[in-house]
Each structure stands twice: as structure tokens, then as C-alpha cells.
Amino acid sequence: MKKLEQELGVTLFDRSKSNRIVLNDTGVLAANEAKKLLQAENDFTEKILNYDRLKHEITVASLAPGPLMLLEAIKDKLNSKLSINHSLLKSDKIVADLTTFKEKIIFTDQELETDEVESMYLGKEYLAVEIDQFNPLAAKKKVSFKDLAGLSFIVVADIGPWRKIVEDNIPEAKFLYQDDLDALSELSKYSNFPFFYTNLTQASSINTDRFDNGNRVHLTIDDPNNELEIYGTYLKSNRKLIQPLLKEISKNWPK
């Protein structure tokens, strides 16, 4: 800042106080503007590097894990070089991550339309539950969220928008969130705690040993709140590249 003070030919510091130098009003403005310039430089560098990387691959991210697990299962059928980012995004990052070229496709739970971004509908995701065969609910063919009241569930920690749905709609339930997928799989196999899966995760070959416990019953959850509409969201400038890929994903969407 002292060098900047010399270059600008203005006073940026208040030196009137003994043993203490502080920024004056002009100095505070200069510091704030310098911070903006440094951030702009970082954003510029990141955007250029991301753009160059995405010339050679299609990077895909999501707000929920199910679409990514489905994509892992069917990617060999797709004639595209895909790189899948399994760290789930927050909804407020979607447009920024697309416009700075961090991702080329983001699976979202709503349709987005801006000057730069648009979405294509892919299909629906819905929950089902695996429950102990001796639980009275196991005699049913389907249950509602309210039927599951008071139960304790093993749940993967990061499930995106599904977390709010189950917490808001299953009264007095306890959710034993697990960060480690291997630990989740082991608990699912060797405990009696119920766990959720979706039409997308069931179609995936990942962690299929969770379903090897012969003491469980599959139950459909028939509830108006049990549904996510999934869209592929992308830059309009990439429409010709992305739409054919999304159409192929939609064709492989589990019912």
C-alpha cells in the first residue's frame, strides 16, 4: 500500500497518531478496490483454465447424488468423454459454475432460464425404503411419509434436496447420517435400521451389496412430496453439444 501511495501521489494513511499508522478514507477505498482487482484477476485465470479444460471433456455436477450415480452406470453407453464431479453443489452456485466453465452440465431440481443458461427435463426421482421384514409396515405394499413416523434411518450425509424433504415430512424420525459410504453399506447390511434408495440409485451398480440383507422388504413411498423433477442445465452456447447427450440420458432414465 505504501508503494501504491507513492505511485498514485495521494495520501492513503493517517500518520497523525503516535506509533500507529491506519488507512484514511482514501486508503480504505483503495484497499477495497485493490481487493476487487485481485479477485477479478483470480476469476479471470480460473475461467480461462476451466474453458481450456472443458474443450476436451464434459464435466458434470449435480445438486443430488442420484443422477450422478445413474450417469456412472450408463456412461459407457454414451459417446462422450465425461468427467463426473461427485461433490454436490448448492443451488446458488449453478449459474456461476456454468458461466465460469467449472461445469458443462449440472443436474438441477428445477428448470432454469436466463440469458445464458437453460434446462432440459430428464425425468423424475423418487424415494423408496428398505425396511426390516418384522416391522409391521413390511406387510404393506406401499407407505406414506407419515407411516414412517418415529423410525430411525441410516442416511448418507449429503443427499442434496432430499434431506429437507425427509426431515420435513417424516414426523419424529431420527436420521443417522453417515459420511463414509462403506460404513453406510456395512450398517445397511448388518443392522435392522431402514434406509432410503431412489429409482436412480437402485439402477446404479454402486453399493448394490446394501440390498443383500435377505431380512428386508422393499417398500414404495406413495406420497405427494416424494418427487424430484431432474433437469440437465447448461449454457445456451453449448446447446448443440449438450442436448444430444441429455436426450440419451433421458432415454436411459429408470421409471
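- Of the possible polar contacts, one joining the Ser144 side chain to the Asp147 backbone as a donor-acceptor pair under 3.5 Å is found.
- Side-chain atoms of Asn192 and Phe134, non-hydrogen and from C-beta on, never get closer than 4.5 Å to each other.
- Environment of CG in Asp25: sparse, with no more than 12 heavy atoms of neighbouring residues, nucleotides or ligands closer than 6.0 Å.
- Rounded to the nearest 0.5 Å, atoms CD1 (Ile221) and OH (Tyr126) are 11.5 Å apart.
- No option in Arg239, Lys104, Glu103, Glu118 other than Glu118 meets the side-chain hydrogen bond (donor to acceptor under 3.5 Å, both in side chains) test with Tyr234.
- Considering all non-hydrogen atoms of both residues, Asn252 and Leu70 come closest at O-CD1, 4.1 Å.
- Both Phe175 and Trp162 are part of a single hydrophobic cluster, where members link through side-chain heavy atoms under 4.5 Å apart.
- Between Leu88 and Leu68 the shortest side-chain heavy-atom distance falls below 4.5 Å.
- Glu172 CD: 12 or fewer foreign heavy atoms inside a 6.0 Å radius.
- The 12-atom threshold is exceeded at NZ of Lys236, counting heavy atoms of other residues, nucleotides or ligands nearer than 6.0 Å.
- For the ring-ring contact (aromatic ring centres under 6.0 Å, His included) with Phe153, the lone residue among Phe195, Phe196, Phe193 that qualifies is Phe196.
- Side-chain contact check for Glu72 and His86: at least one donor-acceptor pair (N or O, by modelled atom type) lies under 3.5 Å.
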